[in-house]
> 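First the structure, then my questions, so here it is.
So you know, we letter chains A, B, ... as the sequences are listed, proteins then strands, and number each from 1.
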Amino acid sequence: MSRKRPSASPVNPVSTQEATPEQAQTSYDPSAIEGRWQSYWQDNQTFRAKNPGDLGFDPAQKKYYVLSMFPYPSGAGLHVGHPTGYIGSDIVARKKRMEGFNVMLPMGYDSFGLPAEQYAIQTGQHPEATTAANVDTYRGQMERIGLSYDWSREFWTSDPKYYRWTQWIFARLFDKGLAYQNEVPVWWCEELKTVLANEEVIQGKSERGGHDCVRRPLKQWMLKITAYADRLIDDLELVDWPESVKTMQREWIGRSYGATVRFGLEQGEGQVEVFTTRPDTLWGATFMVLAPEHPLVAGITTDGQRSDVDAYIRTAANKSDLERTDLAKEKTGVFTGAYALNPVMDPSDPRAKVQIWIADYVLASYGTGAIMAVPGHDTRDAEFAQTFGIDIVQVVEAPEDWKPANEGDCFTGDGTAINSGPIDGLSTADAKKKTIELLAASQAGEAKTNYRLRDWLFSRQRYWGEPFPVLHTDSGVKCVRDEDLPVELPAMDDFTPAEDGSAPLGRATDWVKTTDPETGTAALRDTDTMPGWAGSCWYYLRFMDPHNDEAPFSEDAEQYWGSVDLYIGGTEHAVLHLLYARFWHKVLFDAGVVSTPEPFTKLFNQGMLTAFSFKDKTGRLVPADEVEEHGDKAVHKATGEELERVIAKMSKSLKNVVNPDDVVAEYGVDAFRIYEMFMGPLGESKPWNPRDVLGSRRFLDRVWRLFVDPDGDGSLRDHVTEDGGSDEVERSFHKMLVRVNDSFDGFNFNTAIAAMMIFVNETGKQVEGFGKGQAERFLCALSPFAPHLAEELWARLGNEGGISLADWPLVDESKLVDDTIELVVQVMGKLRARVSVAADASKDDIEAAAKASIPQWLEDKTIVKTIVVPGRLVNFVVR
RNA sequence: GGGGGAGUGGCGGAAUUGGUAGACGCAUCGGACUUAAAAUCCGAAGGACGCAAGUUCGUGGGGGUUCGAUUCCCCUCUCCCCUACCA
């Protein structure tokens with residue numbers, strides 16, 4: 001194609017208030033159009049969302065807040081996968097604007113965090129410099145895609161003007177006692193001499209280098225997200241989110257109802273506390289298991305068992321979480337020599353005395369770090385008991401229809417209590433209740449709700465993050481006063497973690513040593529920083545009032561914008577980001593800072609963009625640059641081997657990553673946007689196929705020719721500048737518009753584009769019937785998808801003020817009705833003929849016409865029944 | 001093991017939620033235009049049988065409900081994503 005646009009060309013810097021369309025163009029040339037309209041939007045602040053108090057703010061206008069999850073500005077720039085969600089939200093925003101809403105579609109950057117720091121370390125530049133450069137790259141790429149962001153609201157999270165308020169929110173968490181310090185184990189890599197974040201440790205090895213890592217305790221900041229566990233589950237009822245995401249969040253929080261049970265020790269003082277969801281199986285507890293890290297272990301171990309126990313603990317400590325939780329492995333453990341007494345049995349009962357074991361299948365971090373083991377009704381306990389020859393007692397009778405799936409499987413469902421003294425005969429539900437009553441009466445236990453969710457480990461020994469706004473003084477830890485915020489990150493040349501694992505900020509001694517402005521006494525700053533998630537926890541609120549220096553946002557702005565109406569992003573954030581943000585939001589809600597209980601009213605997950613890749617006979621994936629394609633065959637360039645086409649993730653190593661700038665340079669922005677939406681429903685993952693982009697471009701070429709005669713002088717065709725237009729085009733238009741409108745319900749814009757293609761194909765066959773009003777309405781429907789082309793033709797039609805704020809056309813139901821309809825004639829449900837009848841034909845007429853069309857199928861047959869579906873078909877049931 | 005999603009032409013995907021399966025697009029083939037090519041336009045095209053009109057099979061596989069099933073029910077196979085000894 002000869003219409004190449006210089007790659008990465010910036011937005012046309014020419015500043016004109018009204019863009020003047022070029023008249024000389026006879027064929028569609030996106031490069032001549034797009035930059036001009038992008039400048040036009042910028043110069044006219046077309047997409048500026050108005051806040052209360054702004055000039056031109058209309059309180060009667062309804063608000064609509066659309067948000068795409070903001071990106072991490074990495075050095076690699078955007079690939080074609082990123083814009084899928086951005087274009088989707090842009091299309092929604094553009095339509096809503098045309099429907100009269102005050103739309104806010106903002107964009108910013110999540111610029112703190114590990115990858116930015118690592119990139120900076122690799123390139124030897126300061127993260128602030130690389131962040132600034134990357135932000136410019138991202139902004140440029142997004143501007144080139146014609147996304148209708150209100151750029152006046154742009155910010156990035158590593159800007160002190162922003163993180164000042166992140167620190168301010170931390171202070172609110174601290175005030176409420178929701179931020180506290182605690183000794184917790186962190187990953188330490190001896191080889192790299194550094195503390196690593198969870199994300200940097202894969203299967204117990206460092207992500208970089210693959211060195212062994214161990215856990216070691218360190219004082220850390222924690223956020224008490226567990227205090228909100230119930231509300232984080234229950235309030236999922238309030239939001240319109242995909243059921244899968246809600247389920248994931250519920251399971252992540254992992255609320256389970258059960259009981260705490262305390263077993264006394266046979267020898268000496270003390271007791272072992274356990275959590276169980278099945279208190280009814282207490283009579284079947286034939287042993288107990290403590291996690292190797294359990295604090296009681298050292299005290300209860302008998303001298304005879306001590307060396308075995310110590311050895312087991314040492315082995316367990318060196319295992320990674322993954323090794324310990326590997327389901328496939330054999331159960332391991334060691335007996336402590338100690339015994340516990342079952343609290344619901346008489347101490348003289350031989351069944352009351354149970355062995356206490358140590359095993360790594362019990363996790364120190366969940367529940368109490370100890371369990372009562374019921375091998376009769378728990379798969380894991382059963383495996384353990386079988387391995388070590390411990391008694392197995394049945395205490396729940398399975399329903400009669402229960403059959404073990406495998407030989408020897410234990411019954412873990414609900415049934416009837418047996419061999420359980422006072423609760424015998426009760427159903428599992430009643431037995432649970434009764435047991436809890438018994439335990440409570442003897443003070444040996446009580447009902448308990450447990451959560452899988454742990455408090456949020458909130459500090460990292462890293463440089464590139466928000467400093468904690470706290471002072472360590474002789475009288476304890478205190479928050480920096482609000483008026484003294486922000487606590488700015490000190491400039492440092494060397495921000496790599498220290499050899500001994502202490503945070504790099506510890507080396508900024510002038511910064512660390514400070515005075516408490518309230519008392520004038522010496523104080524130390526905290527050298528940890530907040531994790532990467534902190535900035536993204538409230539950014540959607542800052543967009544409401546991004547330049548406020550008095551508060552994170554004004555009360556007016558927050559009251560007006562409320563919560564995000566539509567939030568679009570990938571499923572990878574289904575739990576962490578979305579849970580953390582909801583947690584902060586609720587804290588702010590309780591503090592009276594925000595007025596809504598939930599931050600995101602509707603959530604939509606866009607699908608992942610994959611790519612075609614090629615596999616050889618051995619199953620190896622072949623990088624794209626080693627493959628040659630002929631028609632539908634793919635061949636290895638070097639060997640000539642025919643390759644199988646498969647779908648794979650876009651990856652650098654497969655060389656199948658596509659940069660949107662290249663696509664835009666070759667086909668134009670609008671074709672790129674149309675293709676990304678035409679590939680399939682927004683929510684599905686689907687493969688990028690370079691060849692297919694052409695089809696979207698051809699569609700836009702056909703649109704252009706609908707307006708401009710390619711054989712003419714480049715001016716508009718006469719009829720599109722005149723009133724009129726045929727009824728056929730009118731009907732075709734309204735049919736299309738219905739489908740375009742419907743596509744917004746399920747974000748399946750592919751069907752909207754298909755409908756527009758049909759309209760353009762049909763209209764192209766009778767161009768003279770395409771009048772000005774129709775042309776304008778068509779451009780309106782097209783404009784959210786292909787805004788540059790729509791603006792250009794709209795202006796050429798003589799309209800001023802831009803199509804982006806024009807009125808969205810309305811469907812005229814009366815125009816949808818055809819004069820004649822084609823009906824399908826079936827015999828016994830099989831298609832036999834088609835007949836045309838008048839739209840208002842009576843049922844009898846329809847039946848008669850249908851009968852007449854298929855005499856050969858009706859002779860020698862009796863019609864038993866006739867089914868007439870108006871507007872669709874006639875079906876004869878014959879014998 | 002648990003949870004979620006999906007299987008429709010050579011490919012991406014449509015199908016008003018029980019009513020013409022394969023819209024729209026890519027790739028393919030034929031034709032027009034052209035000195036030629038590209039571009040563009042017109043047309044063909046799920047499989048099998050047939051010169052054809054047509055018949056028949058066909059939405060992973062098997063069964064069922066129904067006048068009629070890609071759609072609803074039962075069984076079964078395959079793939080993808082998330083999660084994982086949570087007591």
Side-chain angles (χ1 to χ4, degrees), chain A residues 1-2 27 242-245 247-248 250-252 254 256 258 274-278 281 289 322 324-329 331 359-363 365-374 378-381 383-384 405 450-454 571-572 574-575 607-608 610 612 629-633 645 647 674-675 678-681 683-696 698-699 701-702 705 710 738-739 742 748 750-758 761 764-765 822-834 864-867 869 871-878:
Chain A
M1 198 170 309
S2 60
S27 59
E243 213 39 59
S244 59
V245 176
T247 306
M248 275 196 241
R250 278 189 208 107
E251 285 180 357
W252 186 266
S256 54
V274 300
F275 171 75
T276 176
T277 53
R278 290 298 297 272
T281 61
V289 187
L322 202 100
R324 283 181 61 165
T325 59
D326 184 2
L327 273 169
K329 83 171 167 95
K331 290 275 180 291
D360 64 5
Y361 83 91
V362 172
L363 308 175
S365 50
Y366 182 75
T368 62
I371 61 161
M372 62 176 215
V374 184
D378 182 282
T379 325
R380 300 150 299 179
D381 297 346
E383 277 172 34
F384 192 86
N450 215 355
Y451 302 90
R452 189 173 178 157
L453 183 71
R454 319 282 153 78
T571 14
E572 65 272 21
V575 177
M608 203 185 35
T610 52
F612 285 117
E629 283 185 86
H630 310 283
D632 53 1
K633 277 194 187 139
R645 196 155 81 145
I647 288 172
I674 292 273
Y675 173 60
F678 187 58
M679 290 169 78
E684 306 281 301
S685 85
K686 56 243 157 187
W688 177 274
N689 188 352
R691 292 194 295 208
D692 287 354
V693 190
L694 185 59
S696 297
R698 284 180 185 152
F699 163 59
D701 284 328
R702 285 198 298 273
R705 287 197 303 272
V738 167
R739 294 188 60 190
D742 287 350
N748 48 346
N750 53 327
T751 61
I753 293 164
M756 290 191 282
M757 285 173 170
I758 293 171
N761 291 346
K765 286 173 187 159
E822 188 172 78
L823 290 180
V824 167
V825 183
Q826 296 180 335
V827 177
M828 301 298 283
K830 282 193 199 296
L831 172 70
R832 294 305 177 198
R834 292 161 221 270
V864 181
K865 196 175 171 188
T866 305
I867 294 139
V869 184
R872 296 221 180 276
L873 55 78
V874 180
N875 186 17
F876 296 105
V877 184
V878 298

> Mind calculating the distance between CZ (A:Phe275) and P (B:C85) to the nearest angstrom?
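A:Phe275 atom CZ is separated from B:C85 atom P by 16 Å.
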> When all nucleic acid strands are considered with a 4.0 Å heavy-atom cut-off, which category describes A:Arg454: base, sugar-phosphate, or nothing?
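A:Arg454: base contact, heavy atoms under 4.0 Å.
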> Tell me whether A:Thr610 contacts the main-chain N or O of A:Lys686 through its side chain, where contact means a donor paired with an acceptor under 3.5 Å.
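Judged by distance alone, yes, a pair lies under 3.5 Å.
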> Considering only B:C67, B:A87, B:A27, which nucleotide approaches the side chain of A:Leu694 most closely?
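Among B:C67, B:A87, B:A27, the one nearest the side chain of A:Leu694 is B:A27.
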> Report yes if at least one side-chain N or O of A:Arg698 is closer than 4.0 Å to OP1 or OP2 of B:U40; otherwise report no.
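True: A:Arg698 side-chain N/O within range (under 4.0 Å) of B:U40 OP1/OP2.
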> Determine whether A:Asp742 and A:Thr751 make a side-chain contact, defined as any pair of heavy atoms from C-beta on separated by less than 4.5 Å.
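They are not in side-chain contact.
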> Contact class for A:Asn761 vs. all strands (heavy atom < 4.0 Å): base, sugar-phosphate, or nothing?
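Touches sugar-phosphate only.
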> What's A:Pro242 touching, base or sugar-phosphate or nothing? Going by heavy atoms closer than 4.0 Å.
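Nothing, no nucleic acid heavy atom in range.
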> Any idea which of B:G3, B:A23, B:A87 is nearest the A:Glu251 side chain?
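Nearest to the side chain of A:Glu251 among the choices is B:G3.
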> Please determine, for the side chain of A:Asp692, which listed nucleotide (B:C26, B:C67, B:C85) has the closest atom?
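Shortest atom-to-atom distance from the side chain points to B:C26.
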> How long is the line joining CG of A:Asn450 and C1' of B:A87, in whole Å?
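Whole-Å distance recorded here is 9 Å.
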> Checking base pairs now: Watson-Crick or wobble, both atom distances under 3.5 Å. What partners B:C79?
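Base partner found: B:G5.
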> So which nucleotide from B:A14, B:G12, B:C67 ends up closest to the side chain of A:Met679?
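Looking only at heavy atoms from C-beta outward on A:Met679, the closest nucleotide is B:G12.
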> Is B:G50 paired to anything, Watson-Crick or G-U wobble with both distances less than 3.5 Å, and if yes, which nucleotide?
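Answer to the pairing question: none, since B:G50 forms no Watson-Crick or G-U pair.
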> With rounding to the nearest 0.5 angstrom, report the CD to CE distance, A:Glu572 to A:Met608.
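With rounding to 0.5 Å, CD (A:Glu572) is 9.0 Å from CE (A:Met608).
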> May I have the distance from A:Asn748 (atom CG) to B:A23 (atom P), rounded to whole angstrom?
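Interatomic distance, CG of A:Asn748 to P of B:A23: 17 Å.
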> Check the distance between B:A14's P and A:Arg739's CZ and give it to me in whole angstrom.
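In whole Å, B:A14 P and A:Arg739 CZ are 11 Å from each other.
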> Mark yes or no for whether A:Asn450, through its side chain, and A:Ser256, through its backbone, hold a donor-acceptor pair below 3.5 Å.
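Checked: no pair found.
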> For A:Thr866, answer base if it contacts any base atom (sugar-phosphate contacts may also be present), sugar-phosphate if it contacts only those atoms, and nothing otherwise; contact means non-hydrogen atoms under 4.0 Å.
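If one applies the 4.0 Å heavy-atom cut-off, A:Thr866 turns out to touch nothing in the nucleic acid.
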> Are OP1 or OP2 of B:U56 and a side-chain N or O of A:Arg832 less than 4.0 angstrom apart?
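The answer is yes; a side-chain N or O of A:Arg832 sits under 4.0 Å from OP1 or OP2.
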> To the nearest 0.5 Å, how far apart are OH in A:Tyr361 and CD in A:Glu383?
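Here the rounded value is 9.0 Å.
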> Just name whichever nucleotide pairs with B:C85, Watson-Crick or G-U, keeping both distances under 3.5 Å, else none.
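WC or wobble partner does not exist here.
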> Nearest 0.5 angstrom please: A:Asn689 CG to A:Tyr675 OH, how far?
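Output value for this atom pair is 5.5 Å.
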> Strictly by Watson-Crick or wobble contacts shorter than 3.5 Å, is anything paired with B:C29, and which nucleotide is it?
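For B:C29, the partner nucleotide comes out as B:G43, under the 3.5 Å rule.
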> Reckon A:Gln826 touches a base, only the sugar-phosphate, or nothing at all at heavy-atom distances under 4.0 Å?
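Touches a base.
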> Distance check, C1' atoms only: B:G68 and B:G30, in whole angstrom units.
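Between the two C1' atoms, the distance is 38 Å.
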> Can you tell me if A:Arg702 touches the phosphate of B:C24, counting only side-chain N or O atoms and a distance under 4.0 Å to OP1 or OP2?
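Answer no for this pair, as no side-chain N or O of A:Arg702 is under 4.0 Å from OP1 or OP2.
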> Does B:U17 count as syn, meaning its glycosidic angle lies within 90° of 0, or as anti?
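In terms of base orientation relative to the sugar, B:U17 is syn.
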> Looking at side-chain heavy atoms only, is the closest gap between A:Asp378 and A:Thr281 below 4.5 Å?
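Of all side-chain heavy-atom pairs linking A:Thr281 with A:Asp378, none is under 4.5 Å.
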> Using O4'-C1'-N9-C4 for purines and O4'-C1'-N1-C2 for pyrimidines, with syn meaning within 90° of 0, is B:G47 syn or anti?
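Anti, since the glycosidic angle lies more than 90° from 0.
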> Quantified in whole Å, what is the C1' atom distance between nucleotide B:U66 and nucleotide B:C82?
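Taking atom C1' in both B:U66 and B:C82, they lie 38 Å apart.
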> Let me know the distance between CE of A:Met757 and P of B:C24, rounded to the nearest Å.
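Atom CE in A:Met757 sits about 10 Å away from atom P in B:C24.
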> By the 4.0 Å heavy-atom rule, please label A:Asn750 as base, sugar-phosphate, or nothing.
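Here A:Asn750 touches the backbone only, sparing every base.
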> Base, sugar-phosphate, or nothing for A:Tyr675, non-hydrogen atoms under 4.0 angstrom?
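It contacts nothing in the nucleic acid.
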> Can you identify which nucleotide, out of B:U20, B:C67, B:U16, has its nearest atom closest to the A:Lys865 side chain?
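Nucleotide nearest to A:Lys865's side chain: B:C67.
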> Please classify the nucleic acid contact of A:Ile867 as base, sugar-phosphate, or nothing, using heavy-atom distances under 4.0 Å.
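A:Ile867: base contact, heavy atoms under 4.0 Å.
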> Tell me the interatomic distance from A:Phe678, atom CZ, to B:G25, atom P, rounded to whole angstroms.
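From A:Phe678 CZ to B:G25 P: 7 Å.
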> Identify whether any heavy atom of A:Pro710 sits under 4.0 Å from a base atom; if not, whether one sits that close to sugar-phosphate; answer base, sugar-phosphate or nothing.
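No contact.
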> So which nucleotide from B:G19, B:A87, B:A14 ends up closest to the side chain of A:Thr276?
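The answer is B:A87, which lies nearest to the side chain.
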> Distance check needed: B:C24 P versus A:Lys686 NZ, whole Å only.
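So the NZ-P distance, A:Lys686 to B:C24, works out to 21 Å.
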> Starting at CG of A:Asn875, measure out to CG of A:Leu831 and round the result to the nearest 0.5 Å.
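Going from the CG atom of A:Asn875 to the CG atom of A:Leu831 covers 10.5 Å.
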> Select base, sugar-phosphate, or nothing to describe what A:Ser256 touches, counting heavy atoms under 4.0 Å on all strands.
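It contacts sugar-phosphate atoms only.
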> Do the side-chain N or O atoms of A:Lys830 get closer than 4.0 angstrom to the phosphate oxygens (OP1, OP2) of B:A69?
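Answer no for this pair, as no side-chain N or O of A:Lys830 is under 4.0 Å from OP1 or OP2.
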> To the nearest Å, how far apart are A:Arg452 CZ and B:C82 C1'?
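My rounded result for the distance is 12 Å.
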> So which nucleotide from B:C85, B:C82, B:G25 ends up closest to the side chain of A:Met248?
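Side chain of A:Met248 sits closest to B:C82.
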> B:A23 pairs with which nucleotide, Watson-Crick or G-U wobble, both distances below 3.5 Å?
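Paired with no nucleotide.
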